[in-house]
Structure formats: structure tokens, C-alpha cells
Amino acid sequence: MIRGSIGKQKNTSLMGEYASLIGEAILRQRTREAEHAARIEAELADRVKSEFISNMSHELRTPLNTMIGFSKILSEHDKRRIPDTEIVEYSKLILDAAGHLLSVINDILDISKIQSGRYTLDAREISIEDVIQATFSTGRNAAREAGINLDCEIATNLPLVRGDAAKLQQAFSNLVSNAIKFTLKGGAVKLEAVRLNDGGVGVMIRDTGVGMSADELKLATIPFGQVDGGRARWREGTGLGLPIARSLIELHGGQMTIKTEKGIGTEVGVILPSSSTINIREARDAVLGSGGPSLF
Ligand SMILES: Nc1ncnc2c1ncn2[C@@H]1O[C@H](COP(=O)(O)OP(=O)(O)OP(=O)(O)O)[C@@H](O)[C@H]1O
Ligand SMILES: [Mg+2]
């Protein structure tokens, strides 16, 4: 009897020791994992910060140099006569460069307003079908120039959504522009809008482009973060399109998810509730919490 209970006690204390050893091992593993995740986040943020200045100065200087160079040529028209066709061509180049510069500046102002919680929406009942149609129309030229097949499918039973049509179009245009930009010639991009069972709207933007690895995706969602964001960038941009799109969608009470596979393509899914609740704080926290350079 006594021996049995001593044996039982021994077993129980052995079990207790094992349990605490296992508990400690799990805790150590979790701490290691948390440290590893924090280190990766910090490395990503550092990388974005160091590429930020050189990318931004490139993005601002390139259009400015175009504008200065061609307007200088035009201003010397009285000394050296320029054919009409060249005047038109140079003026278009200046106009394009000015438009590009304006959109870069607008993006910087948008992300800074979002980061400081000062972003406001002009929310009303809107037709999401019109928003998707307008997005499709603006994407068509870029797709044609890039040799990409852009397709659009909109369900006929879409509900009205409460939101800011211009901001939602900006968000979807950013996503479609990415899909076109990061898909090689001959590839395909599809924009699709469906009614969800709960009365909300689902919008999908799928491409057969270069895709991203899991680590690259983390980098891509940080403000100013770009895959291959260094000097050898193979595409232009400031790295703001994706975080701005996500914030605008979250401001509408929606959600954005990204499924992507390196070398296969990317699918961005957006869910907008039927009657959106506008939640500026969540969108702001999402952007502020993601580690990119803060403008405030
Ligand atoms: N559909 C996509 N396929 C592959 N990579 C993508 C896709 N969308 C975004 N990315 C990656 O994510 C990065 C960040 O995208 P984001 O739209 O924020 O910036 P950008 O397109 O580089 O510049 P911007 O949109 O400010 O002109 C891109 O540089 C690219 O590396
Ligand atoms: Mg972009």
C-alpha cells in the first residue's frame, strides 16, 4: 500500500517535472519564434526605410527632369524653330510627366492623412457597378499598351454600397494597375464583381503575373515597400498603391486579402459589406502598425 502510494507520488512528481520541462521548451520556442518574427519585421522596415529616399527622389526627379528639359526646348522656340508635330509631342510628354508627379504627390498626401487619422470619406449610397466599370475603362489603355488581356465580369444583381465612389475607384484602380504592371506581356488580368450571400459585394482582381513569395508579400504591404525595391527595380512606383488601397477598403468597413504564388500570379479579394460601417481608426492603425516610414 505504502510502496504503491510512494510509486504513485514518484510518478506524479516525474510527470510534473516533464510537464514543466515541456512547458518551458514550448515557451522558449514561442519566444524564439516571436523574436524571429520581430527581427524579420525590423529588417523589412529597415530595408524599406533605406530604399525609401532613393526611390522617392527618383520618382520625383524623373518627371520633374522631363518637364524642365522639354519646356526648356519649347521656350527656345523663337531662337530655333520647332516643327508643330514636335511641339505637340513635347507638350504631351510634359503633361504626362506633370500628371505622374501629381499622382505621386497625391499618394504621399493620402498616406500621410491616413497615418495621422485625418482621412475623410464622402460616403453615400453608390452603385459599385459604376465604380468597377470606371476602373475597367481606366485600366484598358494601360493593359493594351502592356499587351495584356484585361477582362471584366460584373454580376447584374449587385446591391448598392455605402461609400465614397472616387476613393473606391482609386483603391480598385491601384489593384488593377498593379495586376497589369506585374504581369508580363501576353498575360491576363481579370476584374470580377459578385454579390455575396450576406448581401455584401466581393471584388476579385486576378493576374497571371510574377506573383510573390510569403516574405515578399509582407514587404509589399508596408507603405513604400516594394519587392526588388533597390536600384535594380524593374518597374516604376513609390510602393504606396497597395497600402492605400487596403486602407481605403478598410475605411469602408471592408477587407482585402491577397493570395499570391511566385511565378504563377496574384489574386486580390475585396469584401465590402452591404451597408458599410466607416471605421477610420482601424484603417489608421493597420497602416501605422505595418512598420513603413511614417510621415508624422
Ligand atoms: N499583382 C501583383 N503581382 C506581383 N507583385 C505585386 C502585385 N501587386 C503588388 N506587387 C508588389 O508589391 C509592391 C508594392 O505595391 P504598391 O502598389 O504598393 O507599389 P508600386 O506598384 O510599386 O508603386 P505605386 O503603386 O505607388 O505606383 C510592388 O512594388 C510589387 O513588388
Ligand atoms: Mg502599385
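Whatever order the structure lists them in is the order used to number ligands and atoms, beginning at 1. Heavy atoms only: backbone and side chains are in, while hydrogens, waters and symmetry mates are out. Throughout, numbering of the chain's residues begins at 1 and tracks the sequence. The shown structure was predicted, so the numbers you read here are calculated from the model rather than taken from an experiment.
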Colleague: Would E76 and K72 pass as an ion pair if we require N to O under 4.0 Å?
Modeller: yes
Colleague: Determine whether any heavy atom of G225 lies closer than 4.0 Å to an atom of ligand 1.
Modeller: yes
Colleague: Would V227 count as a polar contact of ligand 1, with the cut-off being nitrogen or oxygen pairs under 3.5 Å?
Modeller: yes
Colleague: From the options A245, G239, G265, S103, select the one whose nearest heavy atom is closest to atom 19 (O) of ligand 1.
Modeller: G239
Colleague: Can you confirm whether D78 is buried at CG, in the sense that more than 12 heavy atoms of other residues, nucleotides or ligands lie under 6.0 Å from that atom?
Modeller: yes
Colleague: Return yes if a side-chain donor-acceptor contact under 3.5 Å exists between E33 and Q29, otherwise no.
Modeller: yes
Colleague: Roughly how far, to the nearest 0.5 Å, is CZ of R81 from CD of E86?
Modeller: 12.0 Å
Colleague: Hey, is NZ on K92 packed in by over 12 heavy atoms from elsewhere, all under 6.0 Å?
Modeller: no
Colleague: Run through the protein N/O/S atoms less than 2.8 Å from the Mg ion (ligand 2) and write them out by chain and number.
Modeller: N178 OD1
Colleague: Is the contact between L219 and ligand 1 made by the side chain, the backbone, both, or neither, using heavy atoms and a 4.0 Å cut-off?
Modeller: neither
Colleague: Which of the listed options, L240, D207, L175, I222, holds the heavy atom that is closest to atom 1 (N) of ligand 1?
Modeller: D207
Colleague: Atom 12 (O) of ligand 1: which of G209, A179, A220, P243 has the nearest heavy atom?
Modeller: A220
Colleague: Can you find a pair of side-chain heavy atoms, one from L248 and one from D110, that are under 4.5 Å apart?
Modeller: no
Colleague: Is F182 close to M212 at the side-chain level, that is, under 4.5 Å between some pair of heavy atoms?
Modeller: no
Colleague: Just so I know, are the side chains of K190 and M204 near enough to count as touching, which here means a heavy-atom distance under 4.5 Å?
Modeller: no
Colleague: Is the shortest side-chain heavy-atom distance between V203 and I271 below 4.5 Å?
Modeller: no
Colleague: Please state which part of K181 comes within less than 4.0 Å of ligand 1, counting heavy atoms only: side chain, backbone, both or neither.
Modeller: side chain
Colleague: Taking atom CG of N174 and atom CG of D107, what is their separation to the nearest 0.5 Å?
Modeller: 6.5 Å
Colleague: Below a 4.0 angstrom heavy-atom separation, can you tell me which part of T266, side chain or backbone, both or neither, approaches ligand 1?
Modeller: side chain
